[in-house]
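Here is the structure we will look at.
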Amino acid sequence: HPEWGKFKYAHTNPEVSSTGLSMVAMEFYAGANKVRGLTEADVNQEAVKAYVQNIENSIVHYSSTTTIFKENVRKGGMDYISAVALEEVTVIELNKTNMPVPLVSIYPKEGTFFHDNPFIILNGDWVTADQRQAATMFKDFLLLPENQKNALTLGFRPANPNVQMGDPFTPTFGVDPTQPKTVLEVPQPKVLVAVKDLWNAYRKESNIILVLDVSPSMDDQDKLKNALDGIRGFVDQIRDVDQLGFIVFGGEVTELVPLGPATQTKALIRDYLDNPD
């Protein structure tokens, strides 16, 4: 399909999205040629880092949530993206909208994760016997076959093994109930921290424009202060290799800091944040 143009790949930001973090962890697992027991030593191997960096350099979009991708894929289709990391439930939902080019799930042969929705009854001494009994009853209610079948119709795999897979987990909606063939082991927390840190160092360089609302709707001092604090924290995380600019809008749009190297523009933006008047 040459009419689709250059291959375009995307996943969500692993700093704020479990889907994005899973995708980047999968990249490190694949680079290390492992399916379990990923270690800090593995993710710090030069060959593994180069493998991940090569993939990340193909990214054309990052997003904070899969919901944003879902809407953009629905609107733009193949013009917007070629492949994007999504949960099955989102693929099913999109294909139910009669996509011009239906989505097809690709389950990486190197392995993938199950995203579960954990139900935990805490063992703390602050949990009363009545609370524990109520929680147990609720868990049993959730696992009833009729309720698990309801979850299935919404695009979630059943947690009750006695409930068989069925619609909408069919090729008609782009998913394969026999997959995944290989399930990766969730890495230890310290390994996931290393994965996120390395992703931040190797992610694709970005052009970022910060936009601040300074209209009368922001006259509430707490509202403006929170916005300024949010921008300040964001600027602190911007890498020097990125391009950064700053725009404010009220009655009119004003470009305070044109897009330029973050090494130069971060200081200018901080000056405004410290003296917004």
Side-chain angles (χ1 to χ4, degrees), residues 1 3-5 7-14 16-30 34-36 55-56 58-119 142-187:
H1 292 281
E3 71 276 12
W4 289 350
F7 183 83
K8 302 180 287 292
Y9 170 56
H11 65 65
T12 48
N13 182 342
V16 295
S17 166
S18 58
T19 304
L21 180 57
S22 295
M23 193 65 229
V24 176
M26 288 162 58
E27 293 172 11
F28 277 97
Y29 255 129
K34 298 176 75 173
V35 297
R36 56 184 48 84
I55 296 174
E56 290 299 314
S58 70
I59 292 283
V60 293
H61 299 294
Y62 289 119
S63 172
S64 57
T65 68
T66 54
T67 301
I68 295 173
F69 275 139
K70 180 179 69 176
E71 295 305 317
N72 289 336
V73 168
R74 180 182 284 125
K75 294 174 184 175
M78 292 298 298
D79 291 333
Y80 172 71
I81 206 71
S82 308
V84 57
L86 299 171
E87 290 93 348
E88 287 175 317
V89 61
T90 307
V91 174
I92 291 169
E93 184 179 345
L94 281 168
N95 280 333
K96 284 185 175 180
T97 65
N98 296 317
M99 295 285 293
V101 179
L103 299 181
V104 177
S105 296
I106 298 173
Y107 301 83
K109 63 181 181 181
E110 295 86 356
T112 185
F113 296 102
F114 275 114
H115 272 193
D116 58 10
N117 294 274
F119 186 100
L142 292 175
L143 291 174
L144 288 173
E146 58 266 34
N147 293 328
Q148 290 287 290
K149 289 176 182 177
N150 287 335
L152 182 67
T153 63
L154 295 174
F156 296 96
R157 293 188 178 224
N160 185 335
N162 294 320
V163 176
Q164 293 188 355
M165 296 285 283
D167 282 338
F169 281 84
T170 65
T172 300
F173 297 109
V175 295
D176 183 349
T178 69
Q179 292 280 2
K181 301 298 186 185
T182 303
V183 179
L184 302 174
E185 179 186 65
V186 177

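All of these numbers come straight from a predicted model, not from anything done at the bench. Starting from 1, each residue takes its place in the sequence as its number.
The two residues Ile59 and Ala10 make their nearest non-hydrogen contact at CD1-CA, 3.8 Å. When every heavy atom of Val175 is checked against every heavy atom of Pro168, the shortest pair comes out as CG2-O, 3.8 Å. The heavy-atom pair separating Pro145 from Val163 by the smallest distance is CA-CG2, 3.8 Å. Scanning all heavy atoms of the two residues, the minimum distance from Ile92 to Gly155 falls at CD1-CA, 4.1 Å.
Here CG of Asn72 is found 4.0 Å from OH of Tyr80. Values are rounded to the nearest 0.5 Å. Here CG of Leu86 is found 10.0 Å from CD1 of Ile81. Values are rounded to the nearest 0.5 Å. In this structure, OG1 in Thr90 is found 6.0 Å from NZ in Lys70, a value given to the nearest 0.5 Å. Separating the OG atom in Ser105 from the CZ atom in Phe173 is a distance of 12.5 Å, to the nearest 0.5 Å.
Between Thr153 and Asp167 the shortest side-chain heavy-atom distance does not fall below 4.5 Å. In this structure, the side chains of Phe114 and Val183 come closer than 4.5 Å at one or more pairs of heavy atoms. In this structure the side chain of Thr65 never reaches within 4.5 angstrom of the side chain of Thr12, judged on heavy atoms. With contacts defined as side-chain heavy-atom distances shorter than 4.5 Å, the pair Ser18/His115 qualifies. By the 4.5 Å heavy-atom criterion applied to side chains, Leu184 and Met26 are counted as neighbours. In this structure the side chain of Thr97 reaches within 4.5 angstrom of the side chain of Met99, judged on heavy atoms. In this structure, the side chains of Val84 and Leu103 stay at 4.5 Å or more apart for every pair of heavy atoms. In this structure, Leu154 and Val89 have side chains that are not in contact, with every pair of non-hydrogen atoms separated by 4.5 Å or more.
Surrounding CD of Glu185 are more than 12 heavy atoms belonging to other residues, nucleotides or ligands, all under 6.0 Å away. Heavy atoms from other residues, nucleotides or ligands lying under 6.0 Å from NZ of Lys149 number 12 at most.
Side chain of Ser17 to backbone of Pro14: no donor-acceptor contact under 3.5 angstrom is found. Side chain of Tyr107 to backbone of Asp176: a donor-acceptor contact under 3.5 angstrom is found. One N or O on the side chain of Gln179 and one on the backbone of Lys181 form a donor-acceptor pair closer than 3.5 Å. Put simply, the side chain of Ser82 gets close to the backbone of Lys8: a donor and an acceptor are under 3.5 Å apart. With hydrogens and angles ignored, the 3.5 Å screen pairs a side-chain donor or acceptor of Asn160 with a backbone N or O of Leu143. A donor-acceptor distance shorter than 3.5 angstrom exists from the side chain of Gln148 to the backbone of Leu142, with no hydrogens or angles considered.
A donor-acceptor pair shorter than 3.5 Å cannot be found between the side chains of Thr19 and His11.
Using a 4.0 Å cut-off between charged nitrogen and carboxylate oxygen, Arg74 and Glu71 count as a salt-bridge pair.
Aromatic ring centroids of Tyr9 and His61 lie 6.0 Å or more apart.
With sequence neighbours excluded, the residues forming a salt bridge (charged side-chain N to carboxylate O under 4.0 Å, His left out) with Glu88 are Arg157, listed by chain and number.
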After noting the C-alpha distance and the side-chain angles of Leu94 and Val73, does the key distance pass the side chain to side chain contact (heavy atoms under 4.5 Å, CB included) rule?
CA-CA 8 Å; Leu94 281 168; Val73 168; 4.1 Å; yes
Using the side chain to side chain contact (heavy atoms under 4.5 Å, CB included) rule, take Gln164 and Leu152 through it: C-alpha gap first, then chi angles, then the decisive distance, then the call.
CA-CA 9 Å; Gln164 293 188 355; Leu152 182 67; over 6 Å; no
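Between Phe113 and Tyr29, the angle of the ring planes lies from 30° to 60°, which puts this pair in the tilted group.
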